[in-house]
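One structure below.
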There are 4 protein chains.
Amino acid sequence: MSPKRYPKKEKCNEIAAAALHLFAEKGYAATSVEQIADAAGIGKSTVYEYFPSKEEIFVHAVNNWIMDLIHRMVEQTRSIENPVQRLNIFIRTVKEVLKVQEPDPKKLFAEIDQQTLMEGGAFYKRRHIIRDMRTRFCDLVADILLDGVSKRVFRPEIARDVSKIAINLLAYLDGIGMHYLIMEEYQEFEDQVDFYIKGFVEAILI
Amino acid sequence: MSPKRYPKKEKCNEIAAAALHLFAEKGYAATSVEQIADAAGIGKSTVYEYFPSKEEIFVHAVNNWIMDLIHRMVEQTRSIENPVQRLNIFIRTVKEVLKVQEPDPKKLFAEIDQQTLMEGGAFYKRRHIIRDMRTRFCDLVADILLDGVSKRVFRPEIARDVSKIAINLLAYLDGIGMHYLIMEEYQEFEDQVDFYIKGFVEAILI
Amino acid sequence: MSPKRYPKKEKCNEIAAAALHLFAEKGYAATSVEQIADAAGIGKSTVYEYFPSKEEIFVHAVNNWIMDLIHRMVEQTRSIENPVQRLNIFIRTVKEVLKVQEPDPKKLFAEIDQQTLMEGGAFYKRRHIIRDMRTRFCDLVADILLDGVSKRVFRPEIARDVSKIAINLLAYLDGIGMHYLIMEEYQEFEDQVDFYIKGFVEAILI
Amino acid sequence: MSPKRYPKKEKCNEIAAAALHLFAEKGYAATSVEQIADAAGIGKSTVYEYFPSKEEIFVHAVNNWIMDLIHRMVEQTRSIENPVQRLNIFIRTVKEVLKVQEPDPKKLFAEIDQQTLMEGGAFYKRRHIIRDMRTRFCDLVADILLDGVSKRVFRPEIARDVSKIAINLLAYLDGIGMHYLIMEEYQEFEDQVDFYIKGFVEAILI
DNA sequence: TATGAATGAGCTTTCATTCAT
DNA sequence: GATGAATGAAAGCTCATTCAT
């Protein structure tokens, strides 16, 4: 609303975006505010005109990034009628997201988890943000599954365990992303996921 | 050979063990060498008699811990004849390992992943150690599966994809551990894993 | 002359007044120009339209405050005929001044002393301002005493030492203000001063 | 007791002593830890081996200094039989203490008062230390006065108000010290005090 | 072997001040 | 006349590492 506020918000996002790349590359601890300032093309102390602390930069940057991610996931899968296709589109979107190189989302997830877990981490006292995000991802998957059940495409008995199934699917995707990040055989990653999903779909199809 | 070498190795392990707990609790970056020395009951500079750097302590500690872990996994599952039971024992051992409180293995895995991924991390130039470990876990699972195939308990067609299946199973276990670490509903963790494994076994049983 | 000049002066005083409260509350060093600007309801850089530096704000603010103080002291005591009563009115005015809560004059005096004494303090190179003020207070007391002598109410021999006596009285008032500021038994403050003054008056009365 | 502790304590005192001079000269805020380190002939970070913060250096330094001051005052006046002489010795010691150039005690008192008064000052949450000190000085004076009363040298009626009298005497000494620090006519300082004390003694002598 | 002591390099953060608009 | 934006300089503090003993 206020005409003054927008440029400030805009710049906040610019700084946060620059920071996100560094955090993904080197991690939170190893990224200095000076590096963030350099990457954003401003002076070190200027950063503090927009954020009260390094921690806040991280939280803001991650928040922006995750919100955008969730938004895209929802958008991509929203209007598709066929549940199997919808599930496939969801998986394709996940794979696409994980394929991005800059900033590498797998590294970011690792960093976020770290900062959520460790005492004194940037998200340690804000787990709720991370939990919310995970919950929303689960809800998205659960929604697709229940939609499939109601359209008599997926087996009716999965309705009862839909939340467990969604969590397990996301846990797998988390884990396999991490695995290939460390193993670095990126080319096999998609095959591997496809193989998993094939079994997954088979198991829930009527 | 040298009679002095043995006590040196012993003490290395003592220090590494003390360090491991701190690394798991607070993370690598937030653990200072002084804290490690205190925990090991020695002077700060004495630590440098046994390790050339903080990084080396981490690598050594993690190495010890993982080697022990793998050894235990192999031991537990080695001599069991029934493939289904063997798989269940494997899963039970994994769950038991993940249940340990001190040092929390889930946090350690997160920290290890972090240090493997991030530029300048302690394992960044030693990914091979972490990869080896993952490979050995995969081999263990693959071994169980192939054993089941050859005993005509598991479907023969899984033999072709045994490596993919093993990787996927471990990825899931990784991911679900992380999930519950962040969501903190520990009590549901075992249920969730059991639910997954039930579907998994059903899918591979003849 | 210039019609613009007057509003400028007005605003200077407004800013200085706002600053004075902050200086009294938190001290010179701990008060930032931003806080002063906020308190004055203007932008930070606008402050620099009216003052060339933070130091100048302090000097101006203190100057205004002290000038007003002296003026009031003189006004209150000017027209009283009876020397004893005049002295009492003077003391009563001092006590009243020291009782003010916002801005606390004792804290201000402490801050002024500090800034006068310490190398690089705001008044370090302008001691003359503070000295002038002290001199004028002394002169006021001396005037009261000499008036009493000439009216044959105070002992004639004090005339010779009138300046010493005045300085000592003011030194005492300074010191006792500070004492009670630190000891925080404000309620006893007036009793203590009255006790002192009683002795003082007895000693100089014929 | 512990043989390790003593050298540490010794060095603490050395650093504190070096710091005291700087604090007296430039004030607490304007003295940087680096300057303290330089003055003590050690590296900046070495200071933090001995003190956890700059504030603690100040508190320690002031504490040492004040304890020594009180000790000397007590020593000087302890064994004197004649109450008038004892009072004079007390005053002489005060004057001597205030005459010291390095570190200037008057400046230090000003700085201590400042740090006691201002929110967030080094002594703000430790007023009790400063109050204790003031109380001990008062007790010393009160002791001298009561001794004089019991020896029938000082008027018996002062016994009732001994505490008030002591406070007033010290307030005066505080104030006059400050006065001459600002006015810088040091040479007149002693005359002025002597003049005051002469009147003071006359008033209490039988 | 063991360590107390020392430190340099680097971090996050603050703030008085400048300047284009 | 007023200010939002930017910043250089400096502060307090941490910590892995070195070294003499």
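Each chain gets a letter, A, B and so on, in the order the sequences are listed, and its residues count up from 1.
A close approach under 4.0 Å does not occur between any side-chain nitrogen or oxygen of A:K8 and OP1 or OP2 of F:dG4. Remark: B:K54 is not in phosphate contact with F:dC15, judged by side-chain N or O atoms under 4.0 Å from OP1 or OP2. At the phosphate of E:dA2, OP1 or OP2 sits under 4.0 Å from a side-chain N or O atom of B:K11. Using a 4.0 Å cut-off, no side-chain N or O of D:Y48 falls inside it from OP1 or OP2 of F:dT14.
In this structure, A:W65 has its ring center closer than 6.0 angstrom to the ring center of A:F109.
Taking only side-chain atoms of C:E49, from C-beta outward, the nucleotide of F:dT3, E:dT3, F:dC13 with the closest atom is F:dT3. Among the nucleotides F:dA6, E:dA2, E:dT13, the one closest to the side chain of A:Y50 is F:dA6.
A:Y48 meets the ring pair (Phe, Tyr, Trp, His ring centres under 6.0 Å) test with no other residue; sequence neighbours excluded. With sequence neighbours excluded, the residues forming a side chain to side chain contact (heavy atoms under 4.5 Å, CB included) with A:A18 are A:A39, A:A40, listed by chain and number. Remark: D:H21 pairs with D:E102, D:P103 by the side chain to side chain contact (heavy atoms under 4.5 Å, CB included) rule, at least two apart or across chains. Judged as a side chain to side chain contact (heavy atoms under 4.5 Å, CB included), and not counting sequence neighbours, D:S45 has no contacts. The side chain to side chain contact (heavy atoms under 4.5 Å, CB included) search around D:D104 returns D:K106, D:K107, D:L181, D:Y186, not counting sequence neighbours.
A cation-pi arrangement is not found for D:R127 relative to D:F123, the charged atom failing to lie both closer than 6.0 Å to the ring centre and inside a 45° cone about the ring normal.
Residue pairs satisfying the salt bridge (charged side-chain N to carboxylate O under 4.0 Å, His left out) criterion with at least one member in residues 109-119 of chain A, sequence neighbours excluded, are listed as follows: A:D113-A:R134. The stretch residues 51-65 of chain A participates, sequence neighbours left out, in these salt bridge (charged side-chain N to carboxylate O under 4.0 Å, His left out) pairs: A:E55-A:R126, A:E56-A:R126. Listed by first then second residue, pairs satisfying side-chain hydrogen bond (donor to acceptor under 3.5 Å, both in side chains) with a partner in residues 31-41 of chain C number zero, not counting sequence neighbours.
A 4.5 Å side-chain heavy-atom check between D:N64 and D:D68 finds every atom pair outside the cut-off. Annotation: side chain of A:I129 is not in contact with side chain of A:V62 (no heavy-atom distance under 4.5 Å).
Distance C:F51 CZ to E:dC15 P: 20 Å, rounded to the nearest Å. The nearest whole Å value for the distance from the CD atom in A:E10 to the P atom in F:dA6 is 13 Å. In this structure, B:E56 atom CD and F:dT17 atom C1' are separated by 14 Å, rounded to whole Å.
When the nearest nucleotides of DNA chain F are assigned to C:V47 and B:P52 by heavy-atom distance, the more 5′-ward of the two goes with C:V47. Comparing A:E55 and C:E55 along DNA chain E, the residue whose closest nucleotide (by nearest heavy atom) sits nearer the 5' end is A:E55.
Looking at A:Q115, its side chain never comes within 3.5 Å of a backbone N or O of A:G121 through a donor-acceptor pair. Between the side chain of B:T46 and the backbone N or O of B:I42 there is no donor-acceptor pair closer than 3.5 Å.
Within residues 22-33 of chain C, no residue approaches DNA chain F, by heavy-atom distance under 4.0 Å. DNA chain F lies under 4.0 Å from no heavy atom of any residue of residues 113-122 of chain B. DNA chain F is contacted by A:I42, A:G43, A:K44, A:S45, A:T46 of residues 34-46 of chain A, taking any non-hydrogen atom closer than 4.0 Å.
Consecutive pairing runs in DNA chain E reach the stem threshold at E:2-21 with F:2-21, where a stem means at least three Watson-Crick or G-U wobble pairs with distances under 3.5 Å.
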